[in-house]
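Report on the structure given below.
These values consider heavy atoms only, across backbone and side chains, with no hydrogens, waters or symmetry-generated copies. Being a predicted model, the structure only gives us computed values, none of them experimental.
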Amino acid sequence: MSLLFTSNPYRTLGVLSNSSPRLIQKNLSKIKAFSKLGKSVNFEFDFPFLNLTPINRNIEITTKAESRILLDINKIKFGLFWFQDVSTVDSVALSNLVKGDTNKAIEIWNKMIKSSAVNSKNFSALNNVSSLLFLLSLDNYKTDRFKNDNETLLKLRQAIDYKLKLINSSFFDVYCESLGVKSPINSDEILTYFSEEILEIIQQNFTSFQIKNLIKEQDPVFSEMINMKLVKGPISDLKEQIKLASNALEDDAKNGISVGKTLIKNTVSDLKYLKQTLGEDNYQYQAIADKLSNQILQCGIVCFNKTGDDQSYLSSYKYALSVAPNEKTKTRANDCVKHCEEERLANICCNCNNAKVDKSNVKNTIMYKETERSWLSNQVKYRQVTLSFYFCKECNRKIDKASTTNLLVGVIGALIIGCLIYTNDGSGFGAILGAFFGFAIVSWISRLINSAESDAIEKQPIVRKYKKEGYGFTQPGK
């Protein structure tokens with residue numbers, strides 16, 4: 001059970017946080033006497049109507065409770081979550097609280113703090129009402145956990161605000177003195193303690209988003225402390241995963257795609273948590289998101305450099321782009337996405353746009369563009385580009401079949417024409433010449449009819465681009 005609420009030493013001893021040592025000893029004596037008789041003892045400040053576990057007052061527990069409040073620092077720590085009676089207002093409010101009238105007690109204390117800053121007359125009211133708000137926020141299961149509903153969040157927000165005002169006020173020393181503290185106390189140390197204890201409890205059943213709203217507009221130092229503690233673990237885990245991925249990539253670059261995907265899988269929840277807790281504009285979130293994004297990209301890049309294949313990593317590149325926090329990393333991610341998509345297109349048959357290309361079979365074609373012609377000197381200048389196209393095995397088979405057919409048709413046509421000429425005039429030379437021209441004409445006609453390769457090449461975007469710039473397939477002649 002929490003030493004803040006159920007097992008708070010002051011509650012165990014049945015006293016207020018500023019009760020005299022004499023009263024504490026009196027209660028201890030009474031507890032020991034009842035214990036010898038095997039009986040339990042109750043005190044007026046037990047507040048049985050609150051959602052607290054019944055007090056166990058055996059000798060060992062009460063002795064420990066007494067020892068816990070011997071140190072000045074502990075008097076303050078445990079006193080922050082209990083009640084004190086410093087003024088007549090406190091006395092009246094506490095008498096109502098003992099009767100179980102929590103609303104009346106809050107009303108009385110609120111009158112002291114509603115319209116004025118922390119001062120020597122209301123610091124105890126501020127502490128008391130915030131302690132009561134904390135206790136009223138506990139769930140019905142008596143587990144020292146807060147209820148999780150909108151009404152409780154409002155109470156907790158108010159309770160935290162009051163505690164922070166007290167700790168940060170110039171009257172915090174007066175509050176410490178009221179508890180019997182004689183040594184100097186560092187309020188920063190108390191603020192750190194308060195933030196740690198509150199976070200430990202609210203983390204049990206509140207989401208990071210709820211906690212973020214709970215501390216919203218609270219003291220900036222307190223809010224920063226909570227945020228830092230909320231993200232300490234996730235940031236550490238993210239750094240570790242990035243380091244593991246980097247080491248794995250050095251050991252086996254060819255396995256980069258698997259390493260990168262594992263990195264995403266192991267960090268997606270932590271990164272989402274940080275984004276919700278800190279916000280996208282937070283420097284810590286941006287710093288770790290940048291490292292993560294670049295490491296994901298690096299896994300794909302290194303793998304591609306080793307294997308020439310990163311097609312299965314496109315979604316990972318896009319994820320890295322989605323979490324990249326700055327323009328430099330976004331540009332790098334965009335370049336990776338673009339390159340991967342271009343590689344994907346380059347590896348798909350540019351004819352059927354479906355099957356994977358056959359890298360072992362390339363179709364080359366030359367395009368020409370006339371740049372200068374001199375009629376006087378009968379000279380022509382031109383540029384030429386060689387374009388390489390890869391088709392799938394099936395398209396290559398169809399293209400090769402069409403080329404073979406065209407060749408065969410041309411040869412047959414040439415033989416027929418040659419034979420006809422030789423039969424008519426008996427001239428061998430004429431037959432050969434006719435066969436030559438017949439082959440050219442018949443082949444040309446056949447290619448017009450059965451133009452698989454030229455059709456496949458003609459429809460390519462790069463070919464269309466060069467055609468718009470004035471290139472063609474016929475070499476310029478003199």
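- Under 3.5 Å, the side chains of Trp109 and Asn122 contain no donor-acceptor pair of N or O atoms.
- Within a 6.0 Å radius of CG in Asp281, no more than 12 heavy atoms belonging to other residues, nucleotides or ligands are found.
- Inter-residue side-chain proximity for Gln158 and Lys155 is flagged as unmet; no heavy-atom pair is nearer than 4.5 Å.
- In this view, Lys465 and Ile462, Glu469 satisfy the side chain to side chain contact (heavy atoms under 4.5 Å, CB included) rule, not counting sequence neighbours.
- Side-chain contact between Tyr141 and Asn51 is absent, with no heavy atoms from C-beta onward closer than 4.5 Å.
- Among pairs with a residue in residues 76-105, those fulfilling ring-ring contact (aromatic ring centres under 6.0 Å, His included) read Phe5-Phe81, Phe47-Trp82, Phe47-Phe83, Phe81-Phe134, Phe81-Phe194, at least two apart in sequence or across chains.
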Original post:
How far apart are the C-alpha atoms of Lys165 and Asp161, what are their side-chain angles, what is the distance that settles it, and do they pass the salt bridge (charged side-chain N to carboxylate O under 4.0 Å, His left out) test?
Top reply: CA-CA 6 Å; Lys165 283 182 178 178; Asp161 180 61; 3.5 Å; yes

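- Residues Ile160 and Ile215 have side chains not in contact (no heavy-atom distance under 4.5 Å, counting atoms from C-beta outward).
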Got a list of side-chain donor-acceptor pairs under 3.5 Å for residues 32-42, not counting sequence neighbours?
none

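- Among Asn334, Ile296, Leu297, the one residue that satisfies the side chain to side chain contact (heavy atoms under 4.5 Å, CB included) test with Leu321 is Asn334.
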**OP:** Please lay out, stage by stage, how Cys340 and Gln311 fare under the test side-chain contact (heavy atoms from CB on, under 4.5 Å).
**Re:** CA-CA 6 Å; Cys340 189; Gln311 291 305 293; 4.1 Å; yes

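- Scanning all heavy atoms of the two residues, the minimum distance from Ile242 to Leu263 falls at N-CD1, 4.0 Å.
- With a 4.5 Å cut-off on side-chain heavy atoms, Lys265 and Lys261 do not count as touching.
- Residues Phe146 and Ile202 approach most closely at CD1-CG2, 3.8 Å, considering heavy atoms.
- At least one side-chain heavy atom of Ile59 sits under 4.5 Å from a side-chain heavy atom of Thr63.
- Other residues, nucleotides and ligands contribute over 12 non-hydrogen atoms within 6.0 Å of the CZ atom of Phe49.
- Between Asp144 and Thr6, the side chains place a donor N or O and an acceptor N or O closer than 3.5 Å (distance only, hydrogens not considered).
- There is no side-chain donor-acceptor pair under 3.5 Å between Lys212 and Thr207.
- Distance alone, capped at 3.5 Å, places no donor-acceptor pair between the Asn127 side chain and the Phe123 backbone.
- In Asn186, the CG atom is crowded: over 12 heavy atoms of neighbouring residues, nucleotides or ligands sit closer than 6.0 Å.
- Side chains of Ser178 and Asn18: no donor on one and acceptor on the other come within 3.5 Å.
- Counting only heavy atoms from C-beta outward, the side chains of Asn27 and Phe45 never approach each other to under 4.5 Å.
- Counting only distance, with no hydrogens or angles, the side chain of Arg157 and the backbone of Gln218 share no donor-acceptor pair below 3.5 Å.
- Counting heavy atoms from C-beta on, the side chains of Phe222 and Ile167 never come closer than 4.5 Å.
- In this structure a side-chain-to-backbone donor-acceptor pair under 3.5 Å is present from Asp72 to Lys182.
- With hydrogens and angles ignored, the 3.5 Å screen pairs a side-chain donor or acceptor of Asn294 with a backbone N or O of Asp290.
- Side-chain atoms of Phe43 and Ile55, non-hydrogen and from C-beta on, never get closer than 4.5 Å to each other.
- Proximity of a side-chain donor or acceptor of Asn282 to a complementary backbone N or O of Gln284 within less than 3.5 Å is detected.
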**OP:** Evaluate the criterion ring pair (Phe, Tyr, Trp, His ring centres under 6.0 Å) for residue pair His339 and Tyr317; output intermediate values, then yes/no.
**Re:** CA-CA 10 Å; His339 177 267; Tyr317 285 139; 8.3 Å; no

**OP:** Let me see the working for Asn364 and Thr386 under side chain to side chain donor-acceptor pair (under 3.5 Å), right down to the final yes or no.
**Re:** CA-CA 7 Å; Asn364 293 318; Thr386 301; over 6 Å; no

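- Pro325 and Lys330 get closest at one heavy-atom pair: C-CE, 4.5 Å.
- The closest side-chain donor-acceptor pair between Gln210 and Asn148 falls under 3.5 angstrom.
- Heavy atoms only, all atoms of each residue included: Gln276 and Ser208 are closest at OE1-OG, 3.8 Å.
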